[in-house]
Amino acid sequence: MQPLSPLLNPLSIGSITSPTNRTNQRAQLVSPGQLLQAVVLEAKSGGRFLLDIGSNQLTAKSEAALSPGQVLRLQVMQTSPQVELKIVTDTLSIFSGKSLTLLGKNIDIGALFQALQNQTPSGFTQLTPVTRNVVDSFFTLQQSSFSGREGGQMLKQLVEGLGLNLENLLARGDQRGAVQTLKAALMEMAHTFVGAEKIADMSNRMLTTIELFQLAQLHAGDDKFLIFPLPLPFIEQGYLIIEKDNGEGGDVGKKASEDRFSLHLTMSDLGNLLVDFFQNNEGLFIRFYAENQEIADFIGSFADELREAVTDVPLINIAFSADAPDPINDLMQKLIPAGEPLVDTKA
């Protein structure tokens, strides 16, 4: 990692001056460790560079040689007395010091909600009204039934409420939108209950999980695929990957009508499970991969029910096989280029 410090203007993220020279209100949620993406707009004299972060522009000083148009992955190192950012240059550095196993833990706030209720006095009384509402709404939605046509929209609400875009909201000056996310609520709880070991530990663990998904998406880039955690209480670990068409080769019109996405899950009764979806003009193709053939055959026994459930598009083919990969290992293979080791043996 190369240092990018100090900023010439001692402003927090979310207080940067926008292109219209309007300075946003100082954000209260910025803390070391948060991640940002920036584009170098201009190289100035004296090692100064004009950066664009979330449609806001700021001038920074760096010893690293940067070029206009270069995309930077940045991590907030400190916010006082000046903002100090660090350029993240490789996958291993991004995940350094992070427990990769936490990436697989489900974001289920049921136990945290119960712990807040069991506090004496109630932990909810120590939270701001906005945070209380966020926690209550997220918990209620998470415990709802996700069956039927409304399930997809409910899951979309859960994912959007996690706060995967919290830093972008702050960079745009949308503090109101930022505080109405689960990540912001968890940050408040981790700070408020620093002396209450159980609540603080659960809050920090879920924060780490959310931030690792942010790291994974940041490293993957928006041109390859999108990664969304699945914060459902009945899934031990899981995420959705939507592959994005890069527009290279083939018939453009045909590519525009193709969609690929996959579910990567671990469930208590079924183990690891991978479900691949491919849809084109002909219809939908689904393939299930289970941990072993016995589980694959069990899932296959529900094939007729699945065919009846899919009504919006023709279900062309459905298949079942074994050898489902571990969700976390599979994700790491996508993020780390082939041949690059997980451990830097040259260090």
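Below, each value reflects all heavy atoms present in this structure, side chains not excepted, and no hydrogens, waters or symmetry copies.
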NZ/NE/NH1/NH2 to OD/OE distance under 4.0 Å, Arg132 and Glu188:
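No, this pair does not count.
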Minimum heavy-atom separation for Tyr289 to Ala324, with atom names?
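Heavy atoms only, the tightest pair is O-CB, 3.1 Å.
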Is it the case that atom CD in Glu294 sees more than 12 heavy atoms from other parts of the structure closer than 6.0 Å?
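Open: at most 12 neighbouring heavy atoms sit under 6.0 Å from CD of Glu294.
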Is the count of non-hydrogen atoms from other residues, nucleotides or ligands lying under 6.0 Å from Glu282 atom CD greater than 12?
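Counting other residues, nucleotides and ligands, CD of Glu282 stays at 12 neighbours or fewer.
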Give the C-alpha distance, both sets of side-chain angles, the deciding distance and a yes or no for side-chain hydrogen bond (donor to acceptor under 3.5 Å, both in side chains) between Ser137 and Thr140.
CA-CA 5 Å; Ser137 299; Thr140 301; over 6 Å; no
So, the side chain of Thr209 versus the backbone of Arg205: is there a donor-acceptor pair under 3.5 Å, distance only?
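Indeed, once roles are kept as given, a pair shorter than 3.5 Å links the two residues.
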Could you tell me whether a side-chain N or O of Asn133 sits under 3.5 Å from a main-chain N or O of Pro129, the two making a donor and an acceptor?
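Here the side-chain-to-backbone pair does not exist.
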Counting heavy atoms not belonging to Asp297, are there more than 12 under 6.0 Å from its CG?
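Above 12, so yes.
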According to the interplanar angle, ranging from 0 to 90°, do the rings of Phe285 and Phe278 count as parallel (below 30°), tilted (30 to 60°) or perpendicular (above 60°)?
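The arrangement is tilted - the two ring planes meet at 30° to 60°.
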Only distances under 3.5 Å count here; give the side-chain donor-acceptor pairs of residues 264-274 to other protein atoms, sequence neighbours excluded, each with its distance to 0.1 Å.
residue, atom, partner, partner atom, Å
His264, ND1, Asp330, OD2, 3.1
His264, NE2, Ser262, OG, 2.8
Thr266, OG1, Gln237, NE2, 2.6
Thr266, OG1, Asn272, OD1, 2.7
Asn272, ND2, Glu291, OE2, 3.4

Give a yes or no on this: more than 12 heavy atoms of other residues, nucleotides or ligands lie within 6.0 Å of atom NZ of Lys198.
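Not buried by this count: 12 neighbours or fewer within 6.0 Å.
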Partner of Phe261 by ring pair (Phe, Tyr, Trp, His ring centres under 6.0 Å), out of Phe228, Phe277, Tyr239, Phe225
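Testing Phe261 for a ring pair (Phe, Tyr, Trp, His ring centres under 6.0 Å) against Phe228, Phe277, Tyr239, Phe225 leaves exactly one candidate, Phe277.
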Does the gap between the ring centers of Phe298 and Phe288 come in under 6.0 Å?
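That pair fails the under 6.0 Å test.
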Ion pair Arg307/Asp304, N-O distance below 4.0 Å
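Judged by the 4.0 Å cut-off on N to carboxylate O distance, Arg307 and Asp304 do form a salt bridge.
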Do the side-chain N and O atoms of Thr192 and Gln126 include a donor-acceptor pair separated by under 3.5 angstrom?
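No.
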